[in-house]
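Notes to accompany the following structure.
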Amino acid sequence: MCYYLDYLDPFQSGFRPGHGTETALVALVDDMRRALDRGECTFLVLLDLSAAFDTVDHVILLDRLKRFGMGGTVLQWFHSFLSGRYQRVALEDEVLDPWPLTCGVPQGSILSQMLFNIYIKPLGAIIRRLGLQCHQYADDTQLYLSFKSSPRLAVETLSKCLESVSGWMGRNKLKLNPDKTEQQKGIEK
């Protein structure tokens, strides 16, 4: 049994065994086609984060791990994995002093990908609590709302959700990439 799955959103397909872009896409299309069969229209919003893996705040991540029940040696190990990393800027012959990194997960590590998924787990719950559905693949989130009538109410619900998502991202030091974030009207009859 994989206990780590409790730390992941059930609709997160990124960096998990048996899941991938194909499973995320199939699930999304299936949900939209079922809505169409019920005579509903679907609004779809595609969210993309800017430099997502580089902006994971260490304090927030460690706190989230603690709230998931990790402590003692395990939490110290994660702290050690994240801390002690430095960055410096070099331009031609001038090199600035290094400064410690307080955010970001190391690139190229499967553990970093899993930590990112844990970091953004609350996002899916926020979206679903506001009445929308979502699927995620790594730092890409597709949120959508199907409705039969009253598109005005659907737009209001969608706007409220996007406002909540934006607020959560700001509090968690994540930033939407406006060049890759799109709103689309889904499949219609």
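What's counted below: heavy atoms across the whole structure, side chains too, no hydrogens, waters or symmetry copies.
Contact check for C103 versus K173: no side-chain heavy atoms found under the 4.5 Å cut-off. L28 has its side chain out of reach of Q133: every pair of non-hydrogen atoms, C-beta onward, lies at least 4.5 Å apart. For the pair D140 and L46, the minimum side-chain heavy-atom distance is 4.5 Å or more. In this structure, the side chains of I120 and V56 stay at 4.5 Å or more apart for every pair of heavy atoms. Contact check for V105 versus Y119: no side-chain heavy atoms found under the 4.5 Å cut-off. A 4.5 Å side-chain heavy-atom check between T23 and Y137 finds every atom pair outside the cut-off. Side-chain atoms of S112 and Q107, non-hydrogen and from C-beta on, never get closer than 4.5 Å to each other. Side-chain contact between L8 and H19: absent, with no pair of heavy atoms (C-beta onward) separated by less than 4.5 Å.
Atom CG in N177 sits 3.5 Å away from atom OG in S50 (nearest 0.5 Å). With rounding to the nearest 0.5 Å, the separation of CG in L145 from CD in E40 is 9.0 Å. Between the CD1 atom in I118 and the CG atom in L65 there is a gap of 5.5 Å [rounded to 0.5 Å]. Separation of atoms CG (L162) and CG (L176) is listed at 8.5 Å; rounding is to 0.5 Å. Atom CZ of F147 sits about 10.0 Å away from atom OG1 of T157, to the nearest 0.5 Å. Note that CG of D54 and CG of L101 are 9.0 Å apart. Values are rounded to the nearest 0.5 Å.
Placement of L158 and L153 in two distinct hydrophobic clusters is found when ILVMFWY residues are connected by side-chain heavy-atom separations under 4.5 Å, directly or transitively. Following chains of ILVMFWY side-chain contacts shorter than 4.5 Å, one can reach I60 starting from V74, so the two form part of one hydrophobic cluster.
The minimum heavy-atom distance linking S109 with F81 is given by the pair OG-CZ, 3.8 Å. Contact record, T42 with A35: OG1-CB, 3.8 Å, taken as the closest heavy-atom pair. The heavy-atom pair separating R88 from W99 by the smallest distance is CA-CZ3, 4.3 Å. Scanning all heavy atoms of the two residues, the minimum distance from A125 to D9 falls at N-OD2, 4.0 Å.
Surrounding CZ of R38 are more than 12 heavy atoms belonging to other residues, nucleotides or ligands, all under 6.0 Å away. Around atom CZ of R152, no more than 12 heavy atoms belonging to other residues, nucleotides or ligands sit under 6.0 Å away.
Panel note: side chain S80, backbone Q76; no donor-acceptor pair is recorded below 3.5 Å. Of the possible donor and acceptor atoms, none in the side chain of D30 sits under 3.5 Å from a partner among the backbone N and O of V26. One N or O on the side chain of S159 and one on the backbone of V155 form a donor-acceptor pair closer than 3.5 Å. Using a distance-only test at 3.5 Å, with no hydrogens or angles considered, a donor-acceptor pair links the side chain of Q12 to the main chain of A138. Although no hydrogens or angles enter the test, the distance criterion places a donor-acceptor pair under 3.5 Å between the side chain of D57 and the main chain of V59.
Between D37 and R33 there is no salt bridge, since no side-chain nitrogen of the basic residue lies less than 4.0 Å from a carboxylate oxygen of the acidic one.
Ring orientation note: the planes of H135 and F11 are nearly perpendicular, at an angle over 60° on the 30°/60° scale.
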